[in-house]
Amino acid sequence: MDNTLRRKLLRDMLFARRFEEQCYQDYQVRKIGGFLHLYPGQEACVHGVMAAAKPGQDYVITGYRDHVHALVCGVDPKAVLAELYGKATGSSGGFGGSMHIFDVDKHFMGGYALVGAPFPLAAGLALGLKLQKRDDLIAICFLGDAANNQGTFHETLNMASVWKLPVLFVCENNLYGIGTATDRSTAETEQHKRAAAYRIPAAFADGQDVDAVHAAAQVAVDYVRTSRTPYFLELKTYRFRGHSMSDGGKYRSQEEVDEWKKRDPIEITFDRLASEDAITRDELDAWDAEILAELEDVIVPFADASPEPDPKDLMRHVFVENDPWVHPNGEG
Ligand SMILES: Cc1ncc(C[n+]2csc(CCOP(=O)(O)OP(=O)(O)O)c2C)c(N)n1
Ligand SMILES: [Mg+2]
């Protein structure tokens, strides 16, 4: 990776970190309600993968830890924060909240609360590309390690392989599903080995190192894009915060968290650039100040000032609207 791209990824990861910290604060003061799953620690995963893909063009889908995936696909941060605040200007009109960011224009297809649900939807997106002969695009599914124990994982990988679908499965293996360590729930903890059962080629990379993620993802993305068949990429990573905001943190030691924090993807990338004299600490601090100012002066005020959704729209998006096949008598 050249330093121009590395610097961009560093700034983008810093933005993602600050955005998530803003969400953390806003939850404390109840500007954000419901569930909130934050991404700090895992930034190198989605940034590294998408730098090897076509953000905004390739179809991306993920679970509930979805804010940063949306941002990387080009969803407006103002619309993401407004969605978190439940405002009408949110990316899902304020109906979805944290777990349901969605932006069809950016080909960001959500944002799902149900663990494992995006697997078959990703295969469906890839099937759609295949039927439409959009051979320039692929589908990318980002999910956690525990999701791989859902039936949907096995059903989808099997069919994606048999049907030759252009889908990349990215496993963000952060070693836990809520408070359960993977080795307590999963017979094969090396997640990439599980793809072999479906004859899907797979690889593993260090999910704290954006260079390593990007290099592995470039192979993966190129493979799917040219062969039009699936690939599985496991990224070993760690979340610095709790699973969600209601995490007591009893299942892992402070020593373990501290050890992983020494492998902060932002610091790793900064150190690599600094070792090549391609950045200074002052420059990083200046970026940080810019990002904090953008949050404080632009993004938060936009979400604050936005209106609540109109109560008359409460039942919208529940049933298909204006579809003669679904409503042959015109009845809802
Ligand atoms: C179908 C379903 N079962 C259970 C849950 C409750 N649940 C929410 S997150 C989670 C753990 C998922 O862990 P993982 O896939 O590793 O992702 P991570 O949160 O670590 O990113 C569970 C069991 C759910 N949301 N959906
Ligand atoms: Mg996990």
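Atoms within a ligand are numbered from 1 in the order they appear, just like the ligands themselves. Starting from 1, each residue takes its place in the sequence as its number.
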Which atoms from ligand 1 have a heavy atom of Asn174 less than 4.0 Å away?
18 (P), 20 (O), 21 (O)
Enumerated ligand 1 atoms positioned under 4.0 Å from heavy atoms of Ala147:
15 (O)
Is the distance between the Mg ion (ligand 2) and the nearest N/O/S atom of Asp145 smaller than 2.8 Å?
yes
Nearest non-hydrogen protein atom, atom 23 (C) of ligand 1
Ile178 CD1, 4.0 Å
among protein heavy atoms, the one nearest atom 26 (N) of ligand 1 is Val115 N, 3.0 Å
When you compare the side chain of Leu14 with that of Phe270, does any pair of heavy atoms fall below 4.5 Å?
no
Measure across Asp136 and Lys54 and return the closest heavy-atom pair with its distance rounded to 0.1 Å.
O-NZ, 3.0 Å
Is the distance between the ring centroids of Phe35 and Tyr64 under 6.0 Å?
no
Kindly confirm whether the Mg ion (ligand 2) is within less than 2.8 Å of some N/O/S atom in Asn174?
yes
Residue, atom and distance of the protein heavy atom nearest atom 25 (N) of ligand 1 read Ala113 O, 3.0 Å
Do Arg239 and ligand 1 have an N or O pair less than 3.5 Å apart?
no
Which of the atoms in ligand 1, numbered in the order shown and given with their element, are less than 4.0 Å from a heavy-atom of Gly177?
11 (C), 13 (O), 16 (O)
Mind checking the CZ-OH spacing from Arg263 to Tyr238? Nearest 0.5 Å is all I need.
13.0 Å
Mind listing the closest non-hydrogen atom pair of Glu83 and Gly93 along with its distance?
OE1-N, 3.3 Å
Is it the side chain, the backbone, both or neither of Tyr64 that has a heavy atom closer than 4.0 Å to ligand 1?
side chain
Taking the six-membered ring for Trp, are the ring centroids of Tyr39 and His69 within less than 6.0 Å of each other?
yes
Answer yes if Trp260 and Ile178 sit in the same cluster of Ile, Leu, Val, Met, Phe, Trp and Tyr residues linked by side chain heavy atoms under 4.5 Å apart, and no otherwise.
no
Side chain, backbone, both or neither: which part of Gln150 comes within less than 4.0 Å of ligand 1 when only heavy atoms are counted?
side chain
Lys106 atom NZ, over 12 foreign heavy atoms within 6.0 Å
no
Side chain, backbone, both or neither: which part of Ala117 has a heavy atom under 4.0 Å from ligand 1?
neither
Which of the numbered atoms in ligand 1 are below 4.0 angstrom from a heavy atom of Arg65?
18 (P), 19 (O), 21 (O)
Among all protein heavy atoms, pick the one closest to atom 16 (O) of ligand 1 and tell me residue, atom and distance.
Ala146 N, 2.9 Å
Checking side-chain hydrogen bond (donor to acceptor under 3.5 Å, both in side chains) against Arg65, which of Glu172, His243, His37 comes through?
His243
In terms of atom number and element, which parts of ligand 1 are under 4.0 angstrom from non-hydrogen atoms of His243?
9 (S), 19 (O)
Backbone or side-chain N/O/S of Asn173 under 2.8 Å of the Mg ion (ligand 2):
no
Is there a donor-acceptor contact under 3.5 Å linking the side chains of Asp145 and Gln191?
no
